[in-house]
Amino acid sequence: MFVLKTSRKNTLITILIALFFLLSIIGLFYNQYKTYKSINGKYKEIAGITYSKIDFQYFYQNYVQNFIQEDYAILDYLKLQPDVDFSKQTHSDQGDTWENFFIKQANNDLVENAALCAAEAENTSFHVSDKELDAYVENVKSQLSEKATAASCSLDQYVSQVYLDGAGFNDLKSAIILQGKAMKYKNYLYNQVDLGKTNICNYYYNNKKNYDLVSYRCIIISTTDYMNEVSKEFAKNGHDASNTLEEDILSEAKERAGSDAKKIYDETTSASDLEQFAHDYASENVKKQIGTNADYSLYSNVLYKDANSVYRDWLFDNKREYGNMCIIHDDKSENYYILYFLNRQKDTAVTATYNQIFLGYSTSNSAAGVTEEDRDAVKNKAKSIYDDIKGQKTLSQSIFESYAERYNQDYNTKNTNGLKENIASSNVSEGVSKWLFPKENTRKNGDVGLIYEQTGVYIIFFSSYSEDAWYTNAKEDYQTEQYEAMLNDLKNKYGLKENL
């Protein structure tokens with residue numbers, strides 16, 4: 001009897017232990033499933049395409065990183081600190097937080113991605129192969145692995161830290177495939193645009209102000225320069241220090257500035273007159289900065305986008321001709337601008353075609369921001385790649401493209417092995433421009449350059465000089481405009497809107 005009771009007791013204990021382990025296993029699998037669902041579960045559905053939380057985070061973080069990388073030099077101006085919580089920083093133009101700004105932009109990217117992927121799935125004459133997508137995933141994996149190594153962690157740890165807590169690289173694959181498919185289809189649509197010469201020339205003539213160069217003379221009469229003089233006179237004459245004193249000073253200074261501007265305008269009969277007036281009215285500070293023998297009024301070969309917004313529409317009016325003059329008063333700055341039009345012409349500067357590898361300065365620790373150590377690491381890596389390329393016995397464009405396919409981080413040229421065609425000097429950074437367009441344009445096919453810029457490092461393989469800048473820029477804008485029209489048609493077709 002005692003043996004029987006003991007046996008039953010032992011059996012009950014065994015069952016309870018087994019049940020405990022079973023519940024533990026069920027709990028473990030449930031937690032894993034719960035984690036999986038929080039990462040890979042449905043987050044948004046757009047045009048029949050399901051996006052998970054990790055998909056959204058992939059697009060979000062990519063937009064943030066590209067934005068910071070491209071605008072690194074003006075982040076202080078934008079009042080954006082990469083190492084401070086975005087939800088606690090206000091976007092200066094939007095009046096909203098930077099976090100909400102980035103979320104909206106990521107949503108816009110999702111909309112474009114969904115439209116392109118849905119259209120690709122329906123297009124019977126174009127299809128992105130599994131082989132192409134596998135290669136794209138491997139390329140992204142290679143780039144993220146290098147960033148993980150720089151951050152002294154594994155690839156999965158890097159993905160968890162940067163994109164979504166608990167996620168690994170395999171969780172990113174669906175987003176990368178969607179991104180690769182959309183980029184391939186985007187290139188397909190771009191190539192559908194008819195770039196015949198007639199279309200480009202018609203587009204140029206309808207948008208001439210964006211591509212022509214204007215030369216002119218301008219004198220700036222600043223009300224601020226007169227305020228110090230007026231203040232001293234008021235003080236000397238015992239002007240009543242009332243609440244309107246500052247307004248009275250501004251009013252008097254504005255009147256004197258306007259009077260002098262009118263005098264210059266009335267007495268100018270030629271461009272040389274304005275040049276002399278510019279010398280007479282230049283402040284000592286300006287003379288120190290520019291030089292006493294400098295031409296203070298001449299502005300040569302200025303593009304519309306680079307001209308002062310206060311008067312550029314007057315300058316680029318199609319009716320403008322040599323000798324036209326005007327005075328324009330800016331209510332915001334209280335400046336008076338006396339303008340003398342000289343000429344307008346097409347931008348006939350040559351353009352360049354080349355391949356590039358861009359390595360952006362990225363942080364190894366998001367909390368610390370980009371440090372000098374991070375910059376040095378990128379520079380050293382770029383120098384190593386450059387030396388390897390230069391060490392090739394026979395260097396060709398195809399060999400350089402194989403390096404670009406592996407290392408290039410530029411979002412816009414990732415899918416084209418770094419190819420940049422017919423690029424004008426005004427459309428690249430200063431350092432790249434100086435290298436591509438030295439005096440008398442002496443670059444030759446096969447030249448390779450290493451250029452350090454504020455946002456990162458460029459390695460460039462030069463191919464050739466080609467079309468005039470006005471034609472190239474008009475063609476590029478026309479192609480982009482046509483693509484945007486096709487994209488909007490797709491969004492309308494699938495009933496998509498920007499802000500989800």
K.L.:
Which residues pass the salt bridge (charged side-chain N to carboxylate O under 4.0 Å, His left out) test with D85, not counting sequence neighbours?
P.N.:
K88
K.L.:
Is the backbone N or O of E484 less than 3.5 Å from a side-chain atom of N488, with the two atoms forming a donor-acceptor pair by type?
P.N.:
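Here the side-chain-to-backbone pair exists.
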K.L.:
Have a look at W98 and tell me which of F67, F86, Y63 forms a ring pair (Phe, Tyr, Trp, His ring centres under 6.0 Å) with it.
P.N.:
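Among F67, F86, Y63, the one that satisfies the ring pair (Phe, Tyr, Trp, His ring centres under 6.0 Å) with W98 is F67.
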K.L.:
Just to verify, what does K493 make a salt bridge (charged side-chain N to carboxylate O under 4.0 Å, His left out) with, not counting sequence neighbours?
P.N.:
E122
K.L.:
Does one side chain, of N417 or Y403, offer a donor that lies under 3.5 Å from an acceptor on the other?
P.N.:
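Checked: N417/Y403 side chains show no N/O donor-acceptor pair below 3.5 Å.
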K.L.:
For R375, what residues pass the salt bridge (charged side-chain N to carboxylate O under 4.0 Å, His left out) criterion, not counting sequence neighbours?
P.N.:
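Once residues adjacent in sequence are excluded, the partners of R375 under the salt bridge (charged side-chain N to carboxylate O under 4.0 Å, His left out) criterion are E372.
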K.L.:
Have S433 and S425 got a donor and an acceptor in their side chains that come within less than 3.5 Å?
P.N.:
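Result is yes, a qualifying pair exists.
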K.L.:
Looking only at side-chain N and O atoms, does D96 offer a donor or acceptor that is under 3.5 Å from a partner on T90?
P.N.:
no
K.L.:
Give the minimum heavy-atom separation between V448 and Y386, together with the two atoms involved.
P.N.:
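Distance-wise, the nearest heavy atoms are CG1-CE1, 3.7 Å.
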K.L.:
Does K209 come within less than 4.0 Å of D317, counting only side-chain N to carboxylate O?
P.N.:
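Judged by the 4.0 Å cut-off on N to carboxylate O distance, K209 and D317 do not form a salt bridge.
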K.L.:
How about L75 and Q81: do any of their side-chain heavy atoms sit closer than 4.5 Å?
P.N.:
no
K.L.:
Could you tell me whether the side chains of S429 and E453 share a donor-acceptor contact shorter than 3.5 Å?
P.N.:
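There is such a pair (donor and acceptor under 3.5 Å, judged by atom type) between the side chains of S429 and E453.
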K.L.:
Taking Q143 for its side chain and N408 for its backbone only, find out whether a donor-acceptor pair lies under 3.5 Å.
P.N.:
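Answer holds: yes.
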K.L.:
Pair S174, D55 - check side-chain hydrogen bond (donor to acceptor under 3.5 Å, both in side chains), show working.
P.N.:
CA-CA 7 Å; S174 63; D55 293 337; 2.8 Å; yes
K.L.:
List the residues meeting side-chain hydrogen bond (donor to acceptor under 3.5 Å, both in side chains) with T97, not counting sequence neighbours, and say none if there are none.
P.N.:
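Testing T97 for side-chain hydrogen bond (donor to acceptor under 3.5 Å, both in side chains), a comparison that skips the adjacent residues, returns N100.
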K.L.:
Report, one line per pair, each donor and acceptor closer than 3.5 Å where one atom sits in a side chain of residues 435-442; sequence neighbours left out.
P.N.:
none

K.L.:
Using side-chain heavy atoms (C-beta onward) and a distance below 4.5 Å, is T351 in contact with D468?
P.N.:
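Not touching, per the 4.5 Å side-chain cut-off.
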K.L.:
Can you find a pair of side-chain heavy atoms, one from L490 and one from Y494, that are under 4.5 Å apart?
P.N.:
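L490 reaches Y494 side chain to side chain.
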K.L.:
Under 3.5 Å, is there a donor-acceptor pair between the side chain of E112 and the main chain of N108?
P.N.:
no
K.L.:
List in chain and number order the residues that pass ring-ring contact (aromatic ring centres under 6.0 Å, His included) with H127, two or more places apart in sequence or in another chain; answer none if no residue qualifies.
P.N.:
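Listed in chain order: nothing, the list is empty.
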K.L.:
Decide if the gap between the ring center of F341 and the ring center of Y216 is smaller than 6.0 angstrom.
P.N.:
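No: the rings miss the under 6.0 Å criterion.
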K.L.:
Is it true that the side chains of Y60 and Q105 contain a donor and an acceptor less than 3.5 Å apart?
P.N.:
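Looking only at side-chain atoms, Q105 and Y60 do not form any donor-acceptor pair under 3.5 Å.
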K.L.:
Using the salt bridge (charged side-chain N to carboxylate O under 4.0 Å, His left out) criterion, which residues pair with K475? Sequence neighbours excluded.
P.N.:
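For K475 the salt bridge (charged side-chain N to carboxylate O under 4.0 Å, His left out) partners, ignoring immediate neighbours, are E467.
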K.L.:
Which atoms form the tightest heavy-atom contact between C326 and W314, and what is the distance?
P.N.:
SG-CE2, 3.4 Å
K.L.:
Who passes side chain to side chain contact (heavy atoms under 4.5 Å, CB included) against D477, sequence neighbours left out?
P.N.:
Y203, Y211
K.L.:
Within the supplied structure, the quantity of interest is the number of heavy atoms (other residues, nucleotides, ligands) at a distance under 6.0 Å from K379 NZ; does it exceed 12?
P.N.:
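Counting other residues, nucleotides and ligands, NZ of K379 exceeds 12 neighbours.
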K.L.:
Where the side chain of S129 meets the backbone of E132, is there a donor-acceptor pair that is under 3.5 Å apart?
P.N.:
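Judged by distance alone, yes, a pair lies under 3.5 Å.
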K.L.:
With sequence neighbours left out, what residues match N199 under side chain to side chain contact (heavy atoms under 4.5 Å, CB included)?
P.N.:
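For N199 the side chain to side chain contact (heavy atoms under 4.5 Å, CB included) partners, ignoring immediate neighbours, are D194, Y478.
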K.L.:
Does either side chain, that of S466 or that of S464, offer a donor lying less than 3.5 Å from an acceptor on the other one?
P.N.:
no
K.L.:
Give the minimum heavy-atom separation between N301 and S215, together with the two atoms involved.
P.N.:
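The pair with the smallest heavy-atom distance is N-OG, 3.0 Å.
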K.L.:
Are the side chain of D374 and the backbone of T371 linked by a donor-acceptor contact shorter than 3.5 Å?
P.N.:
yes
K.L.:
Minimum heavy-atom separation for C117 to I49, with atom names?
P.N.:
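Looking at all heavy atoms of both residues, the shortest contact is CB-CD1, 3.5 Å.
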K.L.:
At their closest point, which heavy atom of N191 faces which heavy atom of Q479, and how far apart are they?
P.N.:
N-NE2, 4.5 Å
K.L.:
If you compare all heavy atoms of A182 against all heavy atoms of L116, which two are closest, and at what distance to 0.1 Å?
P.N.:
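That closest heavy-atom pairing would be O-CD1, 3.6 Å.
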K.L.:
Just checking E401: does its CD atom have more than 12 heavy atoms from other residues, nucleotides or ligands closer to it than 6.0 angstrom?
P.N.:
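Enclosed.
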K.L.:
So, Q179 versus Y136: side-chain donor-acceptor pair below 3.5 Å or not?
P.N.:
yes
K.L.:
Relative to each other, are the rings of W470 and Y204 parallel, tilted or perpendicular (30° and 60° limits)?
P.N.:
tilted
K.L.:
Which donor-acceptor pairs under 3.5 Å do side chains of residues 150-157 form with protein atoms, sequence neighbours excluded?
P.N.:
from: S154; atom 1: OG; to: Q157; atom 2: N; distance (Å): 3.1
from: S154; atom 1: OG; to: Q157; atom 2: OE1; distance (Å): 3.3
from: D156; atom 1: OD1; to: F169; atom 2: N; distance (Å): 2.8
from: Q157; atom 1: OE1; to: S154; atom 2: N; distance (Å): 2.9

K.L.:
Under a 3.5 Å distance rule, please check whether S142 uses its side chain to pair with a backbone N or O of E138 as donor and acceptor.
P.N.:
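Looks like no, no N/O pair under 3.5 Å.
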K.L.:
Within a reach of under 6.0 Å around CD of E430, are more than 12 heavy atoms found that belong to other residues, nucleotides or ligands?
P.N.:
no
K.L.:
With no hydrogens and no angle check, do the side chains of N62 and Y163 hold a donor and an acceptor under 3.5 Å apart?
P.N.:
yes
K.L.:
More than 12 heavy atoms of other residues, nucleotides or ligands under 6.0 Å from CD of Q345: yes or no?
P.N.:
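For Q345, atom CD is crowded (more than 12 foreign heavy atoms under 6.0 Å).
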K.L.:
If the condition is side chain to side chain contact (heavy atoms under 4.5 Å, CB included), which residues does D387 pass it with, not counting sequence neighbours?
P.N.:
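Here the qualifying residues are K383.
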K.L.:
Distance only, no hydrogens: is a donor on one side chain within 3.5 Å (strictly under) of an acceptor on the other, for N113 and Y51?
P.N.:
yes
K.L.:
Partners of L303 by side chain to side chain contact (heavy atoms under 4.5 Å, CB included), sequence neighbours excluded?
P.N.:
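By the side chain to side chain contact (heavy atoms under 4.5 Å, CB included) rule, L303 matches L213, K305, D306, D347, S426.
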K.L.:
Is the terminal nitrogen or CZ of R312 (NZ for Lys, CZ for Arg) located under 6.0 angstrom from the six-membered ring centre of Y304 and within 45° of that ring's axis?
P.N.:
yes
K.L.:
Would a line drawn from the ring center of F462 to the ring center of Y354 be shorter than 6.0 Å?
P.N.:
no
